[in-house]
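Structure record follows, encoded as structure tokens.
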Amino acid sequence: MRFVTWNVNSLKIRLPRVEAWLAEVQPDVVCLQETKLADKAFPHLAFQALGYDASHCGEGRWNGVAILSRVGLEDVVCDFADGGEPDAEARLITATCAGVRVTSVYVPNGRALGHEHYAYKLRWLARLKDHVAATRAEGQHVVVAGDFNIAPDDRDVYDPAKFVDVTHTSPPERAALAELTSLGLVDTFRRVHPEDGLFSWWDYRAGDFHQGRGMRIDLVLADEALAATCRWAIIDRNARKGSQPSDHAPVLVDLYP
DNA sequence: ATGGTCGCGCAGCGA
């Protein structure tokens with residue numbers, strides 16, 4: 001099964017590119033983030049025409065996450081599965097695809113160390129751990145894929161010296177991600193590609209993409225048994241090129257549940 | 001040169 005995560009930065013603007021990419025790559029399960037759509041504006045028919053069922057959790061102007069699947073889409077939950085208060089923002093959606101419990105996540109950005117939004121990011125990640133623990137307890141294979149807004153280690157940024165005391169690399173954020181993986185989840189792409197310099201996001205400004213100034217913040221986490229089946233993974237840099245790209249490239253991971 | 005670009009939506013914020 002081919003899994004993809006892709007922060008599309010507005011599905012309204014990006015739909016033509018997403019459609020063409022899906023037709024070419026033929027993934028089985030796709031986790032989207034930052035659709036920036038209300039549920040009623042989600043283009044179900046466009047995806048149906050390509051063979052995908054879809055579920056979307058959106059609020060309109062910001063955030064918005066979805067799961068597309070051509071191998072079944074069941075038991076959709078549009079929030080944390082920890083039994084707590086509903087999250088105010090549309091940042092995760094969970095569904096079962098061919099026996100795999102899949103969650104598409106858009107982790108808060110954090111904005112700056114010490115900012116209220118940074119505290120929100122850490123609280124959100126702590127809740128995500130509870131969500132994953134609850135999901136794992138159901139006994140199915142688990143995939144948690146999305147824009148984590150965290151570079152797991154120094155291989156995941158273009159210049160570690162430039163990422164000191166900033167969001168995406170700060171020790172509390174990395175510790176929160178480690179808490180998550182301590183539940184038995186594995187960064188599948190990293191398992192296949194240990195080298196540095198492989199990024200999934202580049203700022204639109206200053207020619208960062210062409211200068212190689214990026215970060216790897218889009219991850220596909222899978223339970224250990226499922227991750228052990230991974231033999232192939234790639235970040236499709238070509239999808240970051242050309243006219244009207246997202247600032248994120250899609251990450252593809254083949255797993256065999 | 002100490003910025004730079006997008007997307008949303010129509011000012012300026014968020015990323």
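Source: prediction; values computed, not measured.
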Donor-acceptor contact below 3.5 Å, side chain A/D223 vs main chain A/V142
yes
Whole angstrom value for the distance that separates C1' of B/dG14 from CD of A/E116:
14 Å
Taking the same atom, P, in B/dC6 and in B/dA1, what whole-Å distance lies between them?
24 Å
Rounded off to whole Å, could you give me the NE2-to-P distance for the A/H248 and B/dG7 pair?
12 Å
Shortest non-hydrogen pair, A/W202 vs A/A249, comes out as CZ3-CB, 3.8 Å
Against the side chain of A/Y106, the closest entry in B/dA15, B/dC8, B/dG7 is B/dA15
If you check the A/A206 side chain, which of B/dA15, B/dG7, B/dG4 turns out closest?
B/dG4
Under the salt bridge (charged side-chain N to carboxylate O under 4.0 Å, His left out) test against A/K121, which residue among A/E89, A/E173, A/E116 passes?
A/E173
When A/T5 is tested against each of A/P27, A/P250, A/C31 for side chain to side chain contact (heavy atoms under 4.5 Å, CB included), which residue passes?
A/C31
Interatomic distance, A/D208 CG vs B/dG3 P [rounded to whole Å]
15 Å
Ring center gap for A/Y158 and A/F163 short of 6.0 angstrom
yes
With a 4.0 Å cutoff (strictly under), does any side-chain N or O of A/R61 reach OP1 or OP2 of B/dC13?
no
Expressed in angstrom and rounded to an integer, what is the separation of A/R17 atom CZ from B/dC6 atom C1'?
14 Å
Whole angstrom is fine here: how far is it from CG in A/L11 over to C1' in B/dC8?
15 Å
Return the value, rounded to whole Å, for the distance between atom CD of A/Q33 and atom C1' of B/dG7.
17 Å
What integer number of Å spans the P atoms of B/dG9 and B/dG14?
14 Å
Reading DNA chain B from 5' onward, which residue's closest nucleotide shows up sooner: A/N7 or A/D203?
A/D203
Atom pair distance, as rounded to whole Å: CD in A/Q244 and C1' in B/dG7:
10 Å
Where the side chain of A/Y204 is concerned, which of B/dT5, B/dC8, B/dA15 is the nearest nucleotide?
B/dT5
In whole Å, what separates the P atom of B/dG3 from that of B/dG7?
23 Å
Work out how far the C1' atom of B/dG4 is from that of B/dA15, and round it to whole angstrom.
15 Å
According to a strict under-4.0 Å criterion, is A/S10 in side-chain N/O contact with OP1 or OP2 of B/dC8?
yes
If I take atom NE2 in residue A/H117 and atom P in nucleotide B/dC13, what distance separates them, rounded to the nearest angstrom?
15 Å
By nearest-nucleotide position on DNA chain B, the 5'-leaning member of A/R213 and A/I13 is A/R213
